[in-house]
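Here is the naming used below: chain letters follow the sequence lines, and residue numbers restart at 1 for every chain.
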Amino acid sequence: MVVPQTASGAPIDADLVHSIYAWEVIAYALPVPWAGADWFGMIDTPGGASGAAQHPQPMFLGQRRGQRRQAIMRNRTQNVSPMDAASSVPAFAMFTSLAAEAVFSPWPWPNGDAETQKRTDLPTLRGLLADHWPKFPSSNCKRAFSYAIPNFSVETFKNKAIRTPVYDVSIYGNRTLVDVTGGQVQDSRTLAQFLGTVANASTANWGYDKRSVVVVKHGIFSLPSLQCTGCLSRRVALALHELLHVYWGVSDDAIFGTDVLASSYGLQRVHSGTQDITWWISTDCRYTPQTVPSSGAVE
Amino acid sequence: MKRAYLILAAIAAGFLSGILGAQLVHRLEQGAQTGAIRARRFELTDERGRTIAVWGTDSQGSAVLAFSKPRGKDDQAAVDLDDPRNQRASMGVRPWGSPWIGFMGSDAQPRLEISLRQYEKPLLVLGDQSGGRVSLGIDEGDAPGPATDDWSLTFHPEYRAAIGMVKLHGKGQKRLTGFWSINNEPMKFH
């Protein structure tokens with residue numbers, strides 16, 4: 001067996017590889033939001049620009065874990081050229097750093113947003129959906145998403161919600177997109193400029209493996225809900241809608257263009273786009289309401 | 001010997017000065033010929049010497065022509081026109097390349113803004129102290145993308161009324177269709 005070497009020719013300690021593997025197992029097993037987060041995928045995956053519709057192929061968490069384990073085992077046992085070793089050592093070092101930071105940081109995104117890291121009240125989509133998760137696996141929306149989205153799974157959907165923060169523009173309006181996406185979106189616009197003056201919510205950096213963000217107008221989650229039997233609250237519907245974008249990586253237009261949602265699940269374009277998707281989700285993805293509620297207060 | 005060195009040094013210095021002077025005069029003449037004045041910033045002042053407009057780069061990195069709010073005779077406080085909140089009227093280009101024209105209220109809330117949004121599609125927004133009230137142009141929704149192609153005249157908040165056109169999909173085809181919607185149920189607003 002050839003011992004893996006670094007670029008300088010020094011052998012890589014097999015125990016180091018074992019300890020890195022142990023770190024990975026610990027990181028995945030931790031009952032915290034970043035447990036199971038895809039740092040491993042992020043190390044391998046270059047960042048991308050926001051906005052372009054993509055079709056990610058989310059894998060089951062088990063699949064991802066398995067692949068990473070196999071990759072690490074390959075590094076242990078296969079012949080490794082100095083060049084390979086040189087590229088894997090920084091990756092391992094980066095992983096170790098991320099894992100350590102994840103353990104000691106209240107925020108799952110190292111190097112992201114120092115000010116935000118200190119704020120424990122920054123909600124995620126998962127937080128907004130907390131009371132809905134137990135019902136989601138048996139919901140009609142889950143069935144609709146399963147038909148529409150390639151490789152959809154509740155586990156990966158939930159995992160994306162855990163990792164997607166929601167920025168209230170009245171608090172974080174001066175932060176920039178480049179800042180909140182950890183540099184994955186090279187866009188110097190502030191969140192206030194990104195949202196604009198008339199939109200209620202906007203999403204950036206879509207895709208399962210990306211550091212997506214949701215930017216919302218203040219008070220948007222307390223807007224009136226659809227009043228019908230089995231209907232979801234506005235908060236849940238809006239959060240699921242935004243999660244759909246960041247998970248699936250497609251625009252409203254592409255969601256409307258998914259035939260199965262129109263033909264089997266009642267998604268229709270009645271009003272001006274995005275609202276219809278939220279109201280459709282409100283009905284547990286059964287039909288698109290022709291009229292929408294208007295009582296309640298807007299701040 | 002020492003005197004000879006001094007004389008030589010003086011000659012050399014005079015020679016170099018002559019070259020530099022000639023170059024300077026040449027450049028000034030060139031500038032005068034083309035009519036170009038180069039500067040990083042221009043400021044317009046009133047009769048009391050207070051800055052009332054600037055043409056330069058603001059704190060967000062936008063290249064901007066900005067005007068301050070009207071000021072009383074005794075108002076000597078400096079107004080920082082590098083801060084976009086103090087720009088009562090402005091036009092320019094954002095650092096990411098988006099041009100805009102804006103009018104701001106005295107409460108620093110935008111009253112009118114015309115801009116190119118993401119993917120270079122235009123939007124006009126009219127508003128008041130509570131935010132945007134009327135928009136005309138691209139409707140980006142919550143997931144703006146290059147394929148976004150919905151256009152509308154919309155009254156806010158919460159889409160009180162709208163008229164416009166959207167793309168419809170179905171069976172592999174894309175079609176444009178018009179729509180209008182009115183929500184005439186009273187809505188609490190504050």
Quick check: are there more than 12 heavy atoms from other residues, nucleotides or ligands sitting under 6.0 Å from [atom1] of [X]?
X      : atom1 : answer
B:W55  : CH2   : no
A:Y147 : OH    : no
A:N174 : CG    : no
B:E43  : CD    : yes
B:K121 : NZ    : yes
B:R48  : CZ    : yes
A:F136 : CZ    : yes

Give a yes-or-no answer on whether the side chains of A:T274 and B:D142 include a donor-acceptor pair shorter than 3.5 Å.
yes
Looking only at A:G196, A:A199, A:A262, the option with the highest number of non-hydrogen pairs under 4.5 Å against chain B is A:G196
Which answer fits A:D252, side chain, backbone, both or neither, if we ask what part of it has an atom under 4.5 Å from a heavy atom of chain B?
both
What part of A:I277 is in contact with chain B, defined as an atom under 4.5 angstrom from a non-hydrogen atom: side chain, backbone, both or neither?
neither
Over all atoms of both residues, closest heavy-atom pair of [X] and [Y]:
X      : Y      : answer
B:G132 : A:V198 : CA-CG1, 4.0 Å
B:P144 : A:F194 : CG-CE1, 4.5 Å
A:Q193 : B:R117 : O-NH1, 2.9 Å

A:T197 vs B:E113 side-chain heavy atoms within contact, under 4.5 Å
no
How long is the gap from OG on A:S251 to CD on B:E140, to the nearest 0.5 Å?
12.0 Å
Any side-chain to backbone donor/acceptor pair from A:S188 onto B:W96? Under 3.5 Å, distance only.
no
Side chain, backbone, both or neither: which part of B:Q60 has an atom under 4.5 Å from a heavy atom of chain A?
side chain
